[in-house]
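Atom set for the values below is all heavy atoms of this structure, side chains included, hydrogens, waters and symmetry mates excluded. Every chain is numbered from 1 and lettered A, B, ... according to where its sequence line falls, protein lines coming before strand lines. Remember, predicted model here, so these are calculated numbers, not experimental data.
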Amino acid sequence: MLTLQVLRNDRDALEQALSKRGIDAAPMLNRILALDEERRHTQKEVDDLKAEQNAASREIGELFKSGKKEEAEARRTEMGALKEKIHVLDEHQKTLINQQEDALLELPNRPHDLVPAGQSDADNEVVAEEGTKPELGEHALPHWELADRYKLIDFEAGVKISGAGFPVYRGKGAKLQRALIQFFLDRADAAGYEEFIPPHLVNPDSGRGTGQLPDKEGQMYHCADDDLYLIPTAEVPLTNLYRGDLLKSEELPIQLCGYTPCFRREAGSYGKDVRGLNRLHQFDKVEIVRFEQPENSYAALEGMVEHVRGLLRDLELPVRTLRLCGGDLGFTSALTYDLEVWSAAQERWLEVSSVSNFETYQANRLQCRFRNAEGKPELVHTLNGSALALPRIVAALLENHQGPDGIRIPAALRTYTGFDTIA
RNA sequence: GGAGAGGUGGCCGAGUGGCUUAAGGCGCACGCUUGGAAAGCGUGUAUACUCCAAAAGGGUAUCCGGGGUUCGAAUCCCCGUCUCUCCGCCA
């Protein structure tokens with residue numbers, strides 16, 4: 001959620017920046033600012049009346065104490081009208097605050113200057129590409145056929161147990177999952193990210209803290225009896241660890257990582273996008289999260305992207321880095337880099353990581369602040385990135401490293417898998 | 001799931017309707033003192049919103065959250081929530 005301060009001080013620049021998302025924010029901005037003005041006016045009024053009430057109550061107390069009963073009673077009966085006025089204005093102010101809050105929640109984050117204008121993923125900017133696409137020849141198989149041939153994943157068993165999008169990993173397929181998780185966690189640890197194992201179900205406050213609620217309510221599984229949400233990413237519990245906190249500046253940066261399964265309803269998805277491992281309701285991911293001083297957050301973002309690229313390099317997968325355009329940028333993000341790996345049999349790029357700087361957008365919802373050099377509380381910047389999401393990595397590993405004698409495990413992963421080929 | 005006890009500032013803790021502008025202590029910061037330190041003494045020590053061109057300085061709110069009673073609530077009442085203790089169930 002954007003701060004009111006930004007709206008008040010920087011309205012025109014904000015409108016300009018938001019236009020990169022392809023939205024006309026002017027009506028919303030005007031509405032919020034009008035509500036703000038009315039709210040402040042109402043507050044002044046109600047605060048003055050309350051001051052009057054407080055003073056009068058003190059006087060009445062004094063009168064009772066000094067035995068001037070009649071005078072006190074007289075003052076007391078006068079207070080009724082004042083009370084009623086305060087009550088009415090209080091209610092009005094509450095309504096205004098709620099309307100303002102609701103409107104602010106509908107406003108997405110302000111895109112960074114680097115964000116290119118654009119409508120869809122076709123307008124994303126490729127900022128780097130590395131690695132060579134393998135030549136597989138005639139007999140190359142897509143990962144879902146490889147998974148079946150080598151008995152790595154049983155999609156049909158998953159359908160029986162749960163439904164489409166819930167794969168069952170078995171044998172070397174299961175071991176490969178565990179190896180990748182361990183590999184990613186070790187590398188995050190080496191890069192200074194402290195490991196956490198958070199809850200996989202979170203309350204609505206946490207959903208709101210990172211912005212999943214109310215924006216993406218329909219994408220999360222919800223346990224209605226207990227009002228808990230299955231996490232769509234470890235970002236939610238990890239970032240909420242610091243909800244409501246006032247940090248000391250020397251505590252920053254805070255670097256966290258965690259492995260969790262992720263649950264997504266993916267309502268409305270269909271076709272080749274959901275074939276095999278391309279899109280699932282449950283998948284595994286290691287997430288990295290940072291809390292930063294504002295002046296460091298963009299350097300931190302670059303560092304996170306480099307960290308993820310390093311993982312993909314060691315998995316010997318061709319990778320390209322995209323800077324998302326305004327139309328494709330997530331609601332809460334100011335700048336996002338997507339990392340994609342080449343899926344050699346499907347002959348398409350698959351998104352495996354999304355690394356974002358949210359600036360103060362999440363921190364404002366979370367009320368996560370630090371004491372700046374002047375000793376004043378100031379909102380931190382939050383960042384996170386997948387490092388990494390497993391399913392599409394597995395898809396690319398199987399497809400790109402397939403050969404006549406089976407699937408080759410990249411050297412960096414062999415100590416984790418305990419085997420060097422799947423045959 | 002049942003019964004009971006609780007939730008007060010960064011921390012501990014007093015506080016049963018106005019004498020609370022939340023006592024007292026600890027911690028922290030600054031000053032005095034000192035050759036230097038400690039001790040001692042003194043001063044200060046929240047957050048949000050808001051008024052004022054700004055600074056200085058005001059106002060309002062906040063004692064887990066929400067609602068209520070009252071001229072006036074940390075204090076009384078109701079609802080919620082969390083923690084602890086006991087019982088039950090249980091990997």
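- Contact annotation: A:Gln53 reaches the phosphate of B:G72 (side-chain N/O to OP1 or OP2, under 4.0 Å).
- Between A:Arg369 and the phosphate of B:A48, there is a side-chain N or O to OP1/OP2 separation shorter than 4.0 Å.
- Within 4.0 Å (heavy atoms only), A:Ala56 reaches no atom of the nucleic acid at all.
- In this structure, A:Lys172 forms no cation-pi arrangement with A:Tyr150, as its terminal cationic atom is not both closer than 6.0 Å to the ring centre and no more than 45° off the ring axis.
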- Verdict with supporting geometry, A:Asp47 and A:Lys44, salt bridge (charged side-chain N to carboxylate O under 4.0 Å, His left out): CA-CA 5 Å; A:Asp47 282 359; A:Lys44 173 73 178 142; over 6 Å; no
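- Here B:G59 is the nucleotide among B:G59, B:A48, B:G72 with the atom lying nearest to any side-chain atom of A:Asp47.
- Using N1 to N3 plus N6-O4 or O6-N4 for Watson-Crick, or N1-O2 and O6-N3 for G-U wobble, each under 3.5 Å, B:A14 pairs with nothing.
- At whole-Å resolution of the value, CD in A:Glu45 and C1' in B:C51 are 14 Å apart.
- Annotation: B:C87 and B:C77 have their P atoms spaced 29 Å apart (nearest Å).
- Phosphate contact (OP1/OP2 of B:G67, side-chain N/O of A:Lys94, threshold under 4.0 Å): present.
- Here A:Lys248 does not reach the OP1 or OP2 of B:G10: none of its side-chain N or O atoms lies under 4.0 Å away.
- A close approach under 4.0 Å does not occur between any side-chain nitrogen or oxygen of A:Asn54 and OP1 or OP2 of B:G72.
- For the side-chain hydrogen bond (donor to acceptor under 3.5 Å, both in side chains) test with A:Gln362, the passing option among A:Asn240, A:Asn109, A:Thr382, A:Thr210 is A:Thr382; the others fail.
- The pair A:Arg40-A:Asp36 meets the salt-bridge criterion, since a charged nitrogen lies less than 4.0 angstrom from a carboxylate oxygen.
- Dashed line: the shortest gap from a side-chain N or O of A:Arg371 to OP1 or OP2 of B:U47 is under 4.0 Å.
- Applying the 4.0 Å criterion to OP1 and OP2 of B:C49, one finds that A:Arg40 has every side-chain N and O outside that range.
- Rounded to a whole angstrom, the distance from the C1' atom of B:U45 to that of B:C26 is 13 Å.
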